[in-house]
**Q** 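Got a structure for you, questions after.
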Amino acid sequence: MKHKFIVGENVYFTASNVARPAASGIYEVIRLLPTEGDDFQYRIKSSTEAFERVAKESQLEVC
């Protein structure tokens, strides 16, 4: 298996209710990360925030 999204791609992030509070919205994929269990992970960045987030592939959708 391989990552569904590529570096530089814009994705829609849906925040998890269980995890730390996060703003859902449009993010850019910054880096591909290893899997956590059966879910690929990504480092993503919003143009409205000064920091990056880690998101699971299941939290991301094509824009």
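Along the sequence shown, residues are numbered consecutively beginning with 1. Note that the structure is predicted; figures quoted are calculated from it, not measured.
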**Q** Once rounded to the nearest 0.5 Å, what's the spacing between atom CZ of Arg43 and atom CD of Glu28?
**A** 13.5 Å
**Q** Val29 and Ile6: which non-hydrogen atoms are nearest, and at how many Å?
**A** CB-O, 3.4 Å
**Q** Between the side chains of Tyr42 and Arg31, is a donor N or O closer than 3.5 angstrom to an acceptor N or O?
**A** no
**Q** For the pair Asn10 (side chain) and Cys63 (backbone), establish whether a donor and an acceptor sit closer than 3.5 Å, ignoring hydrogens and angles.
**A** no
**Q** Rounded to the nearest 0.5 Å, how far does CG of Leu60 lie from OG1 of Thr14?
**A** 8.0 Å
**Q** Salt bridge between Glu52 and Lys45, side-chain N to carboxylate O under 4.0 Å?
**A** no
**Q** Of all heavy-atom pairs between Phe13 and Arg53, which one has the smallest distance, and what is that distance?
**A** CE2-CD, 4.4 Å
**Q** To the nearest 0.5 Å, what is the distance between CG (Leu33) and NZ (Lys56)?
**A** 12.5 Å
**Q** Within the structure provided, determine whether Tyr12 and Ile26 are in side-chain contact (heavy-atom separation under 4.5 Å).
**A** yes
**Q** Can you give me the closest heavy-atom contact between Ser24 and Ala15, atom names plus distance?
**A** OG-N, 3.0 Å
**Q** Report the C-alpha separation of Val7 and Ile30 in whole Å, then their side-chain angles, then the decisive distance to 0.1 Å, and conclude whether the side chain to side chain contact (heavy atoms under 4.5 Å, CB included) test is met.
**A** CA-CA 5 Å; Val7 172; Ile30 301 299; over 6 Å; no
**Q** Please confirm whether the backbone N or O of Lys4 pairs with a side-chain atom of Glu57, one donor and one acceptor, at under 3.5 Å?
**A** yes
**Q** What's the separation between atom CZ in Phe40 and atom CG in Leu32, rounded to the nearest 0.5 Å?
**A** 9.0 Å
**Q** With distance as the sole test, does Glu49 use its side chain to make a donor-acceptor pair with the main-chain N or O of Ser46 at under 3.5 Å?
**A** no
